[in-house]
Amino acid sequence: MIQGRFDGTCRIGNHVWIGPQSYFDARNLVLEDYVGWGPGAKVLGSSHTGHPIDVPIIATELSIKPVVIGYGADIGTNATILPGVHVGAHSMVGAGAVVNLDVPEYAVAAGVPARVIRHRKT
């Protein structure tokens, strides 16, 4: 499923593989070339500000932050990429991971929240 906006930007590169039951908040999203996107993986590009606090959260403004998945990166099954995250080129995100921080190039990140567990070049 791809959800976007008329004023948003979504770019999906060449040779990208997208698994079934995937979800893309495509308001400000880039998937560079040769990205692998596992079944059920999700990307969120926005969240509600929660302010003012006396208003229902769903009625507060949206904060839209860009998400970039770098060249040749692989996103595991059921992983979740949160707003504002950049997953570096040639990196891997483990199945079920919740990525709330940037992942460096050639890193392997896993867990909830996701943390770098090793580097592919070493």
Side-chain angles (χ1 to χ4, degrees):
M1 171 183 256
I2 298 176
Q3 176 182 340
R5 288 174 49 121
F6 69 92
D7 59 350
T9 301
C10 177
R11 185 172 63 84
I12 298 175
N14 295 313
H15 307 284
V16 171
W17 182 83
I18 298 173
Q21 276 88 50
S22 298
Y23 173 80
F24 298 93
D25 179 342
R27 298 162 204 230
N28 195 340
L29 175 65
V30 173
L31 302 182
E32 294 183 353
D33 295 344
Y34 292 95
V35 165
W37 194 269
K42 301 167 244 358
V43 62
L44 302 175
S46 63
S47 61
H48 288 276
T49 63
H51 292 16
I53 63 171
D54 59 337
V55 174
I57 294 169
I58 198 166
T60 63
E61 288 189 40
L62 277 179
S63 172
I64 298 170
K65 296 180 181 174
V67 174
V68 177
I69 310 300
Y71 180 96
D74 188 70
I75 308 300
T77 299
N78 291 322
T80 301
I81 311 298
L82 295 179
V85 168
H86 181 188
V87 175
H90 307 285
S91 60
M92 300 171 74
V93 171
V98 176
V99 184
N100 62 344
L101 298 172
D102 290 352
V103 177
E105 291 186 354
Y106 293 96
V108 178
V112 179
R115 297 290 178 253
V116 173
I117 58 173
R118 69 181 181 88
H119 292 274
R120 297 181 62 215
K121 284 190 164 183
T122 57

Same apolar cluster (I L V M F W Y, side chains within < 4.5 Å links), [X]/[Y]:
X	Y	answer
Ile81	Val116	no
Val93	Tyr34	no
Val99	Val16	yes
Ile2	Ile18	yes

Are the side chains of [X] and [Y] in touch, meaning some heavy atoms are under 4.5 Å apart?
X	Y	result
Arg120	Glu105	no
Val103	Met92	no
Tyr106	His119	no
Ser46	Pro83	no

Using 0.5 Å steps for rounding, measure from the [atom1] atom of [X] to the [atom2] atom of [Y].
X	Y	atom1	atom2	result
Ser22	Met1	OG	CE	12.0 Å
Arg27	Leu62	CZ	CG	5.5 Å
Arg11	Leu31	CZ	CG	9.0 Å
Ser91	His86	OG	NE2	8.0 Å
Asp74	Trp17	CG	CH2	8.5 Å
Lys42	Leu82	NZ	CG	10.5 Å

task = Would you indicate whether Glu61, at its atom CD, is surrounded by more than 12 heavy atoms from other residues, nucleotides or ligands within a distance under 6.0 Å?
result = no
message = Counting neighbours of CD1 on Ile57 that are heavy atoms of other residues, nucleotides or ligands and sit closer than 6.0 Å, is the number greater than 12?
response = no
Of the non-hydrogen atoms in [X] and [Y], which two are nearest, and what is the gap between them?
X	Y	result
Ala109	Ala114	CB-CB, 4.3 Å
Val67	Gly84	CG2-N, 3.8 Å
Gly96	Val112	O-CG2, 3.6 Å
Leu29	Ala26	CB-CA, 4.0 Å
Ala79	Gly94	CB-O, 3.8 Å
Gly50	Thr60	N-OG1, 3.1 Å

Check: [X] side chain, [Y] main-chain N or O, donor-acceptor pair, under 3.5 Å:
X	Y	result
Asp25	Leu44	no
Asp33	Asn14	yes
Glu32	Tyr71	yes

ask   = What class does the angle between the rings of Phe24 and Trp37 fall in, given that below 30° is parallel, 30 to 60° is tilted and above 60° is perpendicular?
value = tilted
